Amino acid sequence: MPTSNLKPKTSNCTPILAVDFETCYGREYSLKKLDAWSYVHHPKFDCYLMSVYGETSTGPFEWVGHPKEFRQWHLFEGALLVAHNAAFDSLVFKRLQSLGIIPEIGNIIWRCTASMSVYLSAPRSLKKACKQLLGIAVDKTQRDKAMGQSITNLFGDDAMEAYALEDARLCYLLWDRYNHLWPTEEQELATLTYEWGQHGITVDSQRLEQSIQALELHRFNAVQHLPWVEDIDEDTPLSHRKLAEACREAGIPCPASLAMDDPECAAWEEKYGSDYVWVDAMRIFRRTNMLLKRFNTVRSRLFTPLALENTQRSSASISGSDSVARFPYGLKYFGAVPGRWSGDAGFNVQNMPRGELFDVDLRRCFIPFPGNVFIIADLCQIEPRILAWLIGDETFLDLVRSGVDIYEAHARSTMGYTDLRPLKEVDPAMRSLAKARTLGLGYGCGSKKFVAVAKNFGGLDISFAEAKQTVQDFRSKNLKIYSLWKRIDRDFKRSTGGDYYIELPSGRELRYLSVCKNTRGYYTASTEMGGRKRKLYGGLLTENLVQATARDVFAEQLLTIHRYLCGVPQAARLPCSVASPNNNHQSSTPNCMQPIGRVVFHVHDEVIVEVPESKAAQVREKILAIMSTTPDWLSGCPIEAEATINHHYTK
DNA sequence: TCGTAAGGCGCC
DNA sequence: AAAGGGCGCCTTACGA
């Protein structure tokens with residue numbers, strides 16, 4: 001029985017319409033210069049063209065023209081709207097609604113074909129996605145020329161309208177042909193990703209201002225030590241060439257690299273650092289400058305949501321809450337090879353410094369909405385647990401299941417630790433080494449790299465010889481890990497000339513397309529993620545496999561948490577079907593229920609949730625329960641989480 | 001004036 | 001044969 005029989009065609013009941021908006025932009029006013037929210041709220045915002053292509057309850061439908069000319073908005077009622085980059089088109093849609101150009105329409109649900117494309121290991125852009133998935137060569141050069149023109153040239157331009165309609169048609173074709181290969185849970189997560197980002201994060205403006213002042217001072221002070229800088233905005237404080245000149249004049253050598261982890265530069269600093277502060281000053285400038293830019297980005301994007309919107313929240317009565325500033329962020333669904341989310345849109349929420357740096361703390365600038373708290377929950381050592389599960393290391397897993405500290409479990413199963421007392425108390429140094437081994441050696445890391453890894457993860461200073469010994473010992477005591485690398489490496493290389501697939505425990509597939517051996521003897525393949533061809537080998541592919549599995553665990557839990565916070569009873573796993581449950585049709589949040597709280601953002605294996613203070617303890621327990629649950633498809637793998645209640649983002 | 005590559009640095 | 005990886009953003013340098 002073909003599985004497609006289980007999947008009723010939904011076009012009979014739900015209108016499916018691909019929409020595409022074209023907006024005017026210029027040199028200064030563009031999405032490159034502005035974030036999406038500012039772009040659609042800018043005085044120059046002008047949506048001059050809308051194209052619609054799809055299937056309504058009465059049959060095929062297409063339309064293109066100025067949105068204010070459209071008279072059939074009733075067709076959008078209860079529709080599934082698809083767009084290539086729905087984050088943008090849905091934002092334009094909402095803006096046109098608030099401008100009165102589009103009426104209020106009930107039960108709309110958005111889906112993004114760009115997100116669908118990357119899930120399917122195809123490129124994100126419409127042009128390249130159509131080429132790979134539909135075999136259609138799209139020529140956008142003419143179109144792009146037309147797009148740059150002003151509205152007077154464009155209005156009534158038949159060619160322009162044809163291009164716009166073609167984009168909507170291609171988007172519809174992509175959706176129609178492939179949506180059944182994109183699980184509904186993933187579809188919902190993709191939509192939620194940009195909805196969460198558009199809602200944004202409340203900001204402590206006062207702390208933000210103080211931090212900017214402090215950083216400007218630090219940066220100014222650093223630059224005073226660089227003789228080639230007079231004007232901080234005109235000159236080049238980070239010029240390696242200028243540094244080389246200064247060193248030559250002083251009659252001293254110039255370090256080849258200024259990287260913090262470069263041993264040669266460390267030696268230079270040791271020898272000349274106290275007399276010549278240039279390298280130190282350049283490093284301080286680089287770090288304070290980057291940090292300052294991030295604070296400025298936040299400040300430039302702050303917006304104050306309408307007071308009306310806040311009245312829906314239980315905490316609306318709190319004084320001053322109507323003028324709370326929020327920061328909209330972007331997160332890229334499936335931005336990384338293993339399917340993890342990645343940062344986007346000029347500010348990466350996934351790499352904020354931990355703790356204080358130059359007297360400021362970026363994380364603490366992000367706070368819950370007044371009257372609420374953050375619950376910050378993360379999975380404990382998810383990747384080593386999954387690696388152990390994949391190779392069936394029951395000795396190790398039994399220890400972890402019994403509640404033994406994970407690094408102690410590693411020491412007991414492979415480093416000969418037999419004392420009945422906790423390792424932490426008996427031999428902290430051994431625990432540090434166990435930690436470095438667990439986190440650093442699972443994916444083929446060599447001796448040279450392990451010296452740095454040991455310092456990073458375990459705070460250890462070990463010699464190259466010791467590192468070599470440790471790497472050898474790890475591999476001999478963890479033969480199953482070693483075998484996994486070898487097996488994957490062998491299978492991958494055997495795929496030369498074709499594609500290589502790794503099936504994940506969740507059922508998802510990692511795809512490496514066009515495996516080939518290059519002239520230097522390295523094996524490469526395309527993942528179509530960022531379009532980069534990468535050098536690949538067993539250890540790396542093993543890491544992809546582990547990271548992807550961890551991502552699937554987290555993604556499922558993230559959706560379960562979201563549904564719980566929305567008051568939806570069911571768990572994340574649903575039978576695969578495009579049709580939505582009745583009440584789950586408005587966006588991703590049922591509008592008939594009172595939400596408990598909301599997901600604010602997430603970072604790989606960590607989720608930040610906002611809830612009214614009174615519900616904090618209860619919600620924390622529930623989130624811990626969700627995040628400690630092993631998915632059915634990973635049965636036997638011990639999953640653990642921790643969660644804190646905070647009044648700002650931190651860790 | 002643009003895009004791109006490379007070095008550097010922040011996180012998981 | 002051996003090889004930790006995954007990201008995004010900043011600056012500088014360089015070439016079209």
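Letters A, B, ... are given to chains in the order of the sequence lines, protein chains preceding strands, and every chain is numbered from 1. Below, all heavy atoms of this structure are taken into account, side chains as well, without hydrogens, waters or symmetry copies. All values reported here derive from a predicted model rather than from experimental measurement.
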Can you say whether a donor on the side chain of R340(A) sits under 3.5 Å from an acceptor on the base of dC12(B), or the other way round?
yes
Under 4.0 Å between any heavy atoms, over every strand shown, what does G343(A) touch: base, sugar-phosphate, or nothing? Just pick one.
sugar-phosphate
Using whole Å, what does the distance between atom C1' of nucleotide dT11(C) and atom CZ of F285(A) come to?
8 Å
Closest to the R287(A) side chain, choosing from dG8(B), dG6(C), dG10(B)
dG10(B)
Please confirm whether the shortest side-chain N or O distance from S239(A) to OP1 or OP2 of dA13(C) is below 4.0 Å.
yes
Mind calculating the distance between NZ (K517(A)) and C1' (dA2(C)) to the nearest angstrom?
14 Å
Where the side chain of K493(A) is concerned, which of dA2(C), dT12(C), dC12(B) is the nearest nucleotide?
dA2(C)
Identify whether any heavy atom of F347(A) sits under 4.0 Å from a base atom; if not, whether one sits that close to sugar-phosphate; answer base, sugar-phosphate or nothing.
sugar-phosphate
Given dC12(B), dC7(C), dA3(C), the nucleotide with the shortest approach to the side chain of D489(A)
dA3(C)
As a test of reading the structure: which of dC7(C), dT11(C), dC11(B) is closest to the side chain of N289(A), going by heavy atoms?
dT11(C)
Would E230(A) and K242(A) count as a salt bridge (Lys or Arg N to Asp or Glu O under 4.0 Å) if you check the C-alpha gap in whole Å, the side-chain angles of each, and the deciding distance to 0.1 Å?
CA-CA 13 Å; E230(A) 278 189 24; K242(A) 292 277 174 34; over 6 Å; no
Look at the side chain of Y537(A) and decide which nucleotide, out of dG8(C), dA3(C), dG6(C), has an atom nearest to it.
dA3(C)
dC12(B) P sits how many Å from I386(A) CD1, rounded?
17 Å
Within the 6.0 Å centroid threshold, strictly below: F347(A) and Y329(A):
no
Starting at CZ of F554(A) and ending at C1' of dC11(B), how long is that distance when rounded to a whole Å?
14 Å
Please determine if a side-chain N or O atom of K332(A) lies less than 4.0 Å away from the OP1 or OP2 oxygen of dG8(C).
yes
Just call it for G442(A): base, sugar-phosphate, or nothing, with non-hydrogen atoms closer than 4.0 Å on any strand.
nothing
Under-3.5 Å donor-acceptor pair between N351(A) side chain and dG10(B) base:
yes
Among dG8(B), dC7(C), dA3(C), the one nearest S342(A) by side-chain distance:
dC7(C)
So, OP1 or OP2 of dG10(B): does either fall under 4.0 Å of a side-chain N or O from R283(A)?
no
Between R385(A) and E640(A), is there a salt bridge with N-O shorter than 4.0 Å?
yes
Apply salt bridge (Lys or Arg N to Asp or Glu O under 4.0 Å) to residues R326(A) and E610(A) and explain how you reach the verdict.
CA-CA 14 Å; R326(A) 284 208 308 249; E610(A) 184 178 85; over 6 Å; no
Of all the choices, dT12(C), dG8(B), dC7(C), which nucleotide is nearest to the side chain of L258(A) once you look at every atom?
dG8(B)
Would you indicate which nucleotide in dC7(C), dG10(B), dA2(C) comes nearest to any side-chain atom of Y522(A)?
dA2(C)
Between W228(A) (CH2) and dT11(C) (P), how many Å, whole number?
17 Å
Under 4.0 Å, counting only non-hydrogen atoms across every strand here, what does A550(A) touch: a base, just sugar-phosphate, or nothing?
nothing
Just to be sure I understand the rule, does R551(A) reach a base, reach only the sugar-phosphate, or reach nothing, if contact means heavy atoms closer than 4.0 Å?
nothing
Among the nucleotides dT11(C), dG8(B), dG10(B), which one has an atom lying closest to any side-chain atom of A259(A)?
dG8(B)
Does S257(A) reach a base, just sugar-phosphate, or nothing at all? Heavy atoms under 4.0 Å.
sugar-phosphate
Would you mind checking if D261(A) and K455(A) are paired as a salt bridge, meaning a charged N to carboxylate O distance below 4.0 Å?
no
For the residue pair F366(A) and F327(A), does the interplanar ring angle fall in the parallel (under 30°), tilted (30 to 60°) or perpendicular (over 60°) class?
tilted
Between dG8(C), dA13(C), dT11(C), which nucleotide gets closest to the side-chain atoms of K293(A)?
dT11(C)
Using a cut-off of strictly less than 4.0 Å, decide whether R241(A) has a side-chain nitrogen or oxygen near OP1 or OP2 of dC14(C).
yes
Name the nucleic acid region contacted by F457(A), choosing base, sugar-phosphate or nothing; use a 4.0 angstrom heavy-atom cut-off, strictly under.
base
Paired with dA3(C): which nucleotide, if any, by Watson-Crick or G-U wobble criteria at under 3.5 Å for both distances?
none
Whether F554(A) and H602(A) hold their rings parallel, tilted or perpendicular, with breakpoints at 30° and 60°:
tilted
If I take atom CZ in residue R286(A) and atom C1' in nucleotide dT12(C), what distance separates them, rounded to the nearest angstrom?
9 Å
Send over the distance from Y649(A) OH to dG10(B) C1', rounded to a whole Å.
12 Å
In whole angstrom, what separates Q350(A)'s CD from dG6(C)'s P?
15 Å
Need one value for K651(A): base, sugar-phosphate or nothing, where a base atom within 4.0 Å counts as base even if backbone is also close, heavy atoms only.
sugar-phosphate
